[in-house]
Amino acid sequence: MIASIRIRPAFLDAVRGLVLATCWALIATGQDALLEGPPFDQVVLTPEEGGDELDVFPLEFPDRKVPSPRPSGELEIQLLSRPGKIYPLEWSKIADVRLYEQMLLDRANKLIKAGDFNQAFDYCALLQRDYPELPGVNPLVARFLQQNSLAVYGDGDFDRALALLAALHERSPNYRGLSGAVKSVASRVIQQRLKAQDFSGARAALAYWSNEFPNVAKDSQRDWNRRFRQAAEQQLTKARRHLMKREYTDAHQALRQARAIWPPIDGAAEIEEQLQR
């Protein structure tokens, strides 16, 4: 059994020096200690002991849960800076214990709040891969998708915003505000493509909406289908008028426009037959 030791000032000074050296090394290389290095926990000493944050090898708690209430006695720690050497530390000298996976979760939340979605993605991916059952991971990823979709929507990237919402819908179909967000973003995608006269692209966006979000804003989906049909019917009406006036070129153009807007439009084949005759 390892004998109990007190945490002496000389030991703390050595630890502080090692921690500072490690931090400067990570800054110099542009690394993120949580992502780039091996998993580690943190033991925070009480103010009376200097309040230092000690990076230690993962602690072997049952089910990776910090004991509550705190036990009496000692916690054996192994500093990252001194592998292989075990130090017994009295629980009364410990202010907090931070587990690696919880630090990942906290950091990801801060990055999302700050709008740093590129780095937040790395944290979310790591948590999903290694800690999928950790409480808080699923809400975190859902919030990441929702906030990221809002950000790219604000930048005008409506296609990407819709794709992020599709991922959110797959994970949390009843997420608060999802229906309204899908309706707004999908409508903007369709409008954007219609403005560019990209009728097939607009129809593809509507089909994506219907397939990926079959039960989201169904009234709006039906409304867009109706608007496509009405626009195509208006072009058919123009084609008939041009046909009656023997303006065959204009009739052809109106017919092509009708089919471009809504290929299965009724009545197009009849007009085409008359034009061929």
Side-chain angles (χ1 to χ4, degrees), residues 112 117-118 120-121 124-125 128 138-139 141-243 250-276:
I112 293 170
F117 297 108
N118 288 333
F121 173 83
C124 290
Q128 282 193 112
N138 283 333
V141 175
R143 186 162 59 257
F144 165 80
L145 293 169
Q146 189 256 354
Q147 292 294 315
N148 198 2
S149 68
L150 286 175
V152 298
Y153 179 82
D155 292 338
D157 191 346
F158 307 130
D159 288 337
R160 187 177 172 199
L162 191 59
L164 287 165
L165 290 175
L168 175 58
H169 178 262
E170 182 179 358
R171 172 177 292 273
S172 303
N174 298 317
Y175 195 83
R176 186 177 64 180
L178 178 62
S179 180
V182 170
K183 177 181 176 181
S184 297
V185 176
S187 295
R188 287 298 297 270
V189 172
I190 294 171
Q191 291 166 357
Q192 188 181 53
R193 294 180 180 178
L194 287 176
K195 185 177 180 180
Q197 296 289 295
D198 180 9
F199 299 114
S200 63
R203 292 196 313 275
L206 179 57
Y208 182 83
W209 182 358
S210 301
N211 293 332
E212 297 296 324
F213 311 91
N215 298 311
V216 177
K218 293 186 69 173
D219 290 343
S220 295
Q221 292 181 29
R222 285 191 290 266
D223 182 60
W224 272 109
N225 275 282
R226 178 184 57 79
R227 291 164 69 176
F228 273 102
R229 288 194 301 270
Q230 286 182 343
E233 287 167 358
Q234 290 173 0
Q235 291 300 318
L236 281 187
T237 300
K238 287 183 180 180
R240 292 188 184 97
R241 289 173 181 168
H242 288 307
L243 188 60
D250 292 336
H252 270 294
Q253 290 177 348
L255 177 61
R256 282 198 298 270
Q257 187 83 331
R259 281 181 162 164
I261 295 171
W262 196 249
I265 187 68
D266 293 334
E270 178 185 352
I271 295 175
E272 184 177 26
E273 184 180 352
Q274 292 180 42
L275 284 168
Q276 289 175 349

query = Is Q221 reaching over with its side chain to a backbone N or O of V216, donor-acceptor style, under 3.5 angstrom?
reply = yes
task = Report the residues that fulfil ring pair (Phe, Tyr, Trp, His ring centres under 6.0 Å) with Y208, sequence neighbours left out, ordered by chain and then residue number.
result = none
Contacts of R229 that satisfy salt bridge (charged side-chain N to carboxylate O under 4.0 Å, His left out) - sequence neighbours left out = none
key: Atom of A232, atom of I261 and distance for their closest heavy-atom approach   = N-CG2, 4.0 Å
task = Output all residues satisfying salt bridge (charged side-chain N to carboxylate O under 4.0 Å, His left out) with R240, sequence neighbours left out; order by chain, then residue number.
result = none
key: Pairing residues for R259 by the salt bridge (charged side-chain N to carboxylate O under 4.0 Å, His left out) criterion, not counting sequence neighbours   = E272
ask   = Do any pairs count as a ring pair (Phe, Tyr, Trp, His ring centres under 6.0 Å) and have a residue in residues 146-168, sequence neighbours left out, and if so which ones?
value = Y153-F158
key: All side chain to side chain donor-acceptor pair (under 3.5 Å) counterparts of D198, not counting sequence neighbours   = S200
request  = Using the side chain to side chain contact (heavy atoms under 4.5 Å, CB included) rule, take L164 and F117 through it: C-alpha gap first, then chi angles, then the decisive distance, then the call.
outcome  = CA-CA 12 Å; L164 287 165; F117 297 108; over 6 Å; no
inquiry  = Please enumerate all residues that pass ring pair (Phe, Tyr, Trp, His ring centres under 6.0 Å) together with F213, with sequence neighbours excluded.
reply    = H169
inquiry  = So, using side chain to side chain donor-acceptor pair (under 3.5 Å) as the criterion, who are the partners of N225 when residues are at least two apart?
reply    = none
task = Search all heavy atoms of A202 against all heavy atoms of L194 and return the closest pair with its distance.
result = CB-CD2, 3.7 Å
note = All heavy atoms of A217 vs all of S179, minimum pair found to be N-OG, 3.8 Å
request  = Measure the NE2-CG distance between H252 and L243 for me, rounded to the nearest 0.5 Å.
outcome  = 9.0 Å
Nearest heavy-atom neighbours spanning V185 and A161 = CG1-CB, 3.9 Å
request  = Report the distance from atom OH of Y175 to atom CG of L145, rounding to the nearest 0.5 Å.
outcome  = 9.0 Å
ask   = In chain order, what residues pass the side chain to side chain donor-acceptor pair (under 3.5 Å) check against W224, with sequence neighbours excluded?
value = S187
query = Taking only residues at least two apart or on different chains, which pairs with a member in residues 158-167 satisfy side chain to side chain donor-acceptor pair (under 3.5 Å)?
reply = D159-R193
inquiry  = Give me the atom names and distance for the closest heavy-atom approach of F199 to A260.
reply    = CB-O, 3.2 Å
remark   = Note: V189 and A205 closest approach over all heavy atoms is CG1-CB, 3.6 Å
query = At what distance, to the nearest 0.5 angstrom, does CG of N138 lie from OG of S172?
reply = 7.0 Å
inquiry  = Using side-chain heavy atoms (C-beta onward) and a distance below 4.5 Å, is F121 in contact with N148?
reply    = no
ask   = What distance do L162 atom CG and S184 atom OG have between them, rounded to the nearest 0.5 Å?
value = 11.0 Å
message = If the condition is salt bridge (charged side-chain N to carboxylate O under 4.0 Å, His left out), which residues does R171 pass it with, not counting sequence neighbours?
response = none
Interatomic spacing from CG in N215 to CG in N174 - rounded to 0.5 Å = 10.0 Å
ask   = Quick one: does N211's side chain have a donor or acceptor within less than 3.5 Å of a partner on A207's backbone?
value = yes
message = For E170, give me all partners under side chain to side chain donor-acceptor pair (under 3.5 Å), at least two apart in sequence or on another chain.
response = none
task = Any chance you could lay out the side chain to side chain contact (heavy atoms under 4.5 Å, CB included) test for Q192 and K195, step after step, and finish with the verdict?
result = CA-CA 5 Å; Q192 188 181 53; K195 185 177 180 180; 5.9 Å; no
message = Rounded at 0.5 Å granularity, tell me how far CG in L255 sits from NE2 in H242.
response = 11.5 Å
key: Of E233, Q234, R226, the residue whose pairing with Q230 passes side-chain hydrogen bond (donor to acceptor under 3.5 Å, both in side chains)   = R226
